[in-house]
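The structure appears right after this line, and notes come after that.
Start at 1 with the first residue, then count along the sequence.
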Amino acid sequence: MLYSEKVMDHFRNPRNIGEIVNADGVGEVGNAKCGDIMRMYIKVENNIITDVKFKTFGCGSAIATSSIATELIKGKPVEEALKLTNQAVVEALDGLPAYKLHCSVLAEEAIKAAVKDYYIKHNIAYDESLYCAGDCPCTHNHE
């Protein structure tokens, strides 16, 4: 079978879909190659992500990865959400076809973008290297 039951479940019944008005952080990322666009919204209280929602324009895998990613970070400290990897997203869905792995990367990047937006809006210092993919002209060591 091409997709796991978990992928199909999160595609058919996505969790935490929608947007948060006055969100503490909003992150939007896209993949020009496939056309997927993800937007994550987070609400933070006492450094805990108390609510998270998403809007995704894309394929079933993009919707499923967005949905599971929101479940994985809801109720967690902001720093823990930043550690969520695309591999963890894939494992939580019991796998994805290789040609759909980029969707899990988008989910990870959307969360990081929302957290970065939260940090900026609230004047919280952050480690810029956490947001550097290594393909930029910044001065960080990309090794």
Picking from I120, L82, I124, what satisfies side chain to side chain contact (heavy atoms under 4.5 Å, CB included) with V115? L82

Testing the basics here: between E28 and I37, what is the closest heavy-atom pair and its distance to 0.1 Å? OE2-CG2, 3.8 Å

More than 12 foreign heavy atoms under 6.0 Å from NZ of K83: is that the case here? no

S67 side chain to I63 main-chain N or O, any donor-acceptor pair under 3.5 Å? no

Side-chain donor-acceptor pairs under 3.5 Å in residues 89-100, sequence neighbours left out?
none

Closest approach of A69 and M40, non-hydrogen atoms and distance? CB-CE, 4.3 Å

When you look at K74 and D51, which way does the side chain to side chain contact (heavy atoms under 4.5 Å, CB included) test go after all the steps? CA-CA 6 Å; K74 195 172 189 176; D51 198 10; 3.6 Å; yes

The reported gap from CE in M8 to CG in N13 (rounded to nearest 0.5 angstrom) is 10.0 Å

With N22 via side-chain hydrogen bond (donor to acceptor under 3.5 Å, both in side chains) - residues at least two apart: none

Is the backbone N or O of H10 less than 3.5 Å from a side-chain atom of R12, with the two atoms forming a donor-acceptor pair by type? no

Heavy-atom nearest pair, A107 first then S66, reads CB-N, 4.4 Å

Examine the side chains of N86 and E109 and answer whether a donor and an acceptor come within less than 3.5 Å of each other. no

Apply side chain to side chain contact (heavy atoms under 4.5 Å, CB included) to D36 and F57, showing your working. CA-CA 6 Å; D36 292 339; F57 176 83; 6.0 Å; no

Can you tell whether the side chains of K112 and D117 come within less than 4.0 Å, N to carboxylate O? no

Between the main-chain N or O of V44 and the side-chain N or O of D24, is there a donor-acceptor pair closer than 3.5 Å? yes

Please report the closest heavy-atom contact between A81 and I111, naming both atoms and the distance. O-CG2, 3.8 Å

Tell me, with the steps shown, if V26 and R39 meet side chain to side chain contact (heavy atoms under 4.5 Å, CB included). CA-CA 7 Å; V26 180; R39 184 179 289 159; 3.7 Å; yes

In chain order, what residues pass the side-chain contact (heavy atoms from CB on, under 4.5 Å) check against K76, with sequence neighbours excluded? E80

Would you call E19 and K53 a salt bridge, taking side-chain N to carboxylate O under 4.0 Å as the test? no

